[in-house]
Amino acid sequence: MPTELLRLLRLRLWLWLGLLALFAVGMARAQSLESVLAPGPVIEGHAKTEHECKACHARFDRNAQDALCIACHKDVGADIRQHQGFHGRRDTQPQCRSCHSE
């Protein structure tokens, strides 16, 4: 094999290894998949649970989020169960995130 070709193959190998190392460092800095996907800071009322993803999200189950919201916002949950207040008097109960977002 010509030495020029070997040199080119070595250079490509080192470039790939360098890119792999950069990727590994980036992944090591990310604590979890959730921290990579976090869209930004939350509202002040949710700041106390900002780093407790499981308080508001169930992995791979978007429909579980409403129950988690109601578990935390007990007054809203009581209104819905008793069919009173703004949330309880709605004809349909849309998902919380359809009106409320960060």
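Keep in mind that this is a model prediction, so the values were computed, not measured.
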Problem set entry | ring-ring contact (aromatic ring centres under 6.0 Å, His included) involving His51 - partner list, sequence neighbours excluded | none

For this session: Could you grab the distance from atom CZ of Arg81 to atom NE2 of His87, nearest 0.5 Å is fine?
Result: 13.5 Å

Problem set entry | Closest heavy-atom pair and its distance - Pro41, Glu50 | CA-OE2, 3.7 Å

Exercise. Distance from Ile80 atom CD1 to Asp66 atom CG, nearest 0.5 Å?
Worked result: 8.0 Å

Exercise. CZ/Arg90 to SG/Cys99 distance, rounded to the nearest 0.5 angstrom?
Worked result: 5.0 Å

Exercise. Hey, does the side chain of Arg12 reach the backbone of Leu8 with a donor-acceptor pair shorter than 3.5 angstrom?
Worked result: no

Exercise. Around atom CD of Gln82, are there more than 12 heavy atoms of other residues, nucleotides or ligands at under 6.0 Å?
Worked result: yes

Exercise. Can you tell me how far SG of Cys72 sits from NE2 of His46, rounded to the nearest 0.5 angstrom?
Worked result: 6.5 Å

Exercise. Do side-chain atoms of Asp79 reach the backbone of Gly88 as a donor and acceptor pair under 3.5 angstrom?
Worked result: no

Exercise. So, for Cys56 and Thr49, which heavy atoms are closest and what is the spacing to 0.1 Å?
Worked result: SG-OG1, 4.4 Å

Exercise. Less than 4.5 Å apart, any side-chain heavy atom of His57 and any of Leu68?
Worked result: no

Exercise. Quick check: does any side chain N or O of Lys74 sit under 3.5 Å from a backbone N or O of Ala71, one acting as donor and the other as acceptor?
Worked result: yes

For this session: Kindly write out the residues that satisfy side chain to side chain donor-acceptor pair (under 3.5 Å) with Gln95, not counting sequence neighbours, or none if the list is empty.
Result: Asn63, Arg97

Problem set entry | Separation of Leu15 CG from Arg10 CZ (nearest 0.5 Å) | 14.0 Å

